[in-house]
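A, B, ... follow the sequence lines: proteins, then strands. Residue 1 opens every chain.
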Amino acid sequence: MIKVQAEDFDVGRELENLSSGNLGVGGVSCFIGLVRDMAGDESIQAMTLEHYPEMTEKALAKIEAEARTRWPLEEILIIHRYGRLEPGDRIVFVAAASAHREAAIEACHFLIDWLKTQAPFWKLEETPDGGQWVDARSSDDKAAGRWVTAGRGAEKDPDAAE
Amino acid sequence: MIKVQAEDFDVGRELENLSSGNLGVGGVSCFIGLVRDMAGDESIQAMTLEHYPEMTEKALAKIEAEARTRWPLEEILIIHRYGRLEPGDRIVFVAAASAHREAAIEACHFLIDWLKTQAPFWKLEETPDGGQWVDARSSDDKAAGRWVTAGRGAEKDPDAAE
Amino acid sequence: MRILYFAWLREKAGIAEETISLPQTVTTVAELIEWQQQRGEGFAEAFADTAVVKVAVNQEHVGFDHPVSAKDEVAFFPPVTGG
Amino acid sequence: MRILYFAWLREKAGIAEETISLPQTVTTVAELIEWQQQRGEGFAEAFADTAVVKVAVNQEHVGFDHPVSAKDEVAFFPPVTGG
């Protein structure tokens, strides 16, 4: 399931919904991304996320579908916020539920790595020096690149790791 | 932080406590282990977790300390239940909070892998054929073995993977 | 052709979205970018360094050699920073 | 010496915890296991296959060559299945 929204979300409730009633779920793995108050040496007052709505839906659906082809998953949830957020605010939530822990953990890792490089979001940080667009990091490309090998449970390429 | 308890826990509240007030946290990764209603072909009515209390505390503290030497973490939380649990019930919760997502995700993965082979818990499953002790799985040893290489952010050994 | 601009490409181009009449000589993303570079100062600046310009055609990431036609929706943006 | 048994080792030995007088000939885990094997049917069964017996001395996982003494707390159990 995919949700793209300006509003915050209730992590406990979302996790509960993900596995409740499905007694075949043995493991749920999740990742929550938060706005930090610093970026490098600079303090951040706020971060505004811009996105490309029609493409966002497509890109997230594609990432979800790709994860499902790679691992035996019961449920997937991706929530991505947009708009103005402040330090401590949640930006993104990904979760994967599976019978097996390894599948849940790897799928969750994959989801967040691919979101970083595939989902059409851009971040404008408000700093004491004014607004600045967050650059894509080459380490994010590398992290996503580790998952390029197709196939369920594909191993990461250690040479491509950060 | 480590909690060994018979009672259930509130995942949302635990995750909230983990990062609230710490604006240096950029990512929180967590894993929740649940009782499934099946083990292989056999249906499970309940699972009773036995443990060795004095050793459990020591073993979990050691796992937490080991994770902290390997990754730059803001917070770690391990909650492990004991006693009689039914399908759908939470067994274990591990979470790691860090400035950086990769550290949070890898540390969380490490915590659950090491719990499987280091924490003195044993599981008795109630099946239609009576009680049966859950065997340790060689895949768990392999999963834990991937993290043997010391050092922060140590790469997993792909040869040792499942 | 519908064209969208995001993040600093939007700021530099001074426009978020427009509908243009596609010149007949433009058949690929690369040609569209060349055409953009000559539309004025803002566009020239937005497309000055094509190494940091990413493109989507009909909401799919594509390379500069991808074909474009009048009925496409084309979006220009910096490398994405989701998550 | 305080000895604890867990899971099916506890069930087979028929005891969860005991305090024994350690024979002077027993100085290692391996020797303690040999001694256990001769304490009766339940113990013999519990320690029949030492490949699946794990040991902790003073709450730390140890190997069979680890020394033991009268003041130690020794625990016997199957491979753990935490998490």
>> With salt bridge (Lys or Arg N to Asp or Glu O under 4.0 Å) as the test, pick out the partner of Arg146(A) among Asp140(A), Asp113(A), Asp141(A).
In response: Asp113(A)
>> Please identify, among Gly27(A), Ser20(A), Ser19(A), Ala95(A), the residue contributing the most non-hydrogen atom pairs under 4.5 Å to chain B.
In response: Gly27(A)
> Minimum heavy-atom separation for Gln118(A) to Ala59(A), with atom names?
Replying inline: O-CB, 3.8 Å
> So which of Gly88(A), Ser29(A), Gly26(A), Pro87(A) has the biggest tally of heavy-atom pairs under 4.5 Å with chain B?
Replying inline: Gly26(A)
>> If you count heavy-atom pairs within less than 4.5 Å of chain B, which of Arg13(A), Met38(A), Lys116(A) leads?
In response: Lys116(A)
> Is it the side chain or the backbone of Ala99(B) that comes within 4.5 Å of chain A heavy atoms, both, or neither?
Replying inline: both
> Of all of Val28(B), Ile91(B), Val11(B), which one pairs up most often with chain A through heavy atoms under 4.5 Å apart?
Replying inline: Val28(B)
>> Please identify which of these residues, Leu34(A), Asp8(A), Val35(A), meets the side-chain contact (heavy atoms from CB on, under 4.5 Å) condition with Leu85(A).
In response: Val35(A)
> Do NZ/NE/NH1/NH2 and the carboxylate oxygens of Glu14(A) and Lys3(A) come within less than 4.0 Å?
Replying inline: yes
> So which of Gly24(B), Ala97(B), Gly12(B) has the biggest tally of heavy-atom pairs under 4.5 Å with chain A?
Replying inline: Gly24(B)
>> What part of Ile32(A) gets within 4.5 angstrom of chain B, counting heavy atoms only: side chain, backbone, both, or neither?
In response: both
> Listed by chain and number, what are the side chain to side chain contact (heavy atoms under 4.5 Å, CB included) partners of Glu126(A), not counting sequence neighbours?
Replying inline: Gln45(A), Ala46(A), Thr48(A), Arg84(A)
>> Taking side chain as everything from C-beta outward and backbone as N, CA, C, O, which of these in Arg90(A) sits under 4.5 Å from a heavy atom of chain B? Side chain, backbone, both or neither.
In response: side chain
> So, Glu64(B) and Arg68(B), do they make that salt bridge, N to O below 4.0 Å?
Replying inline: yes
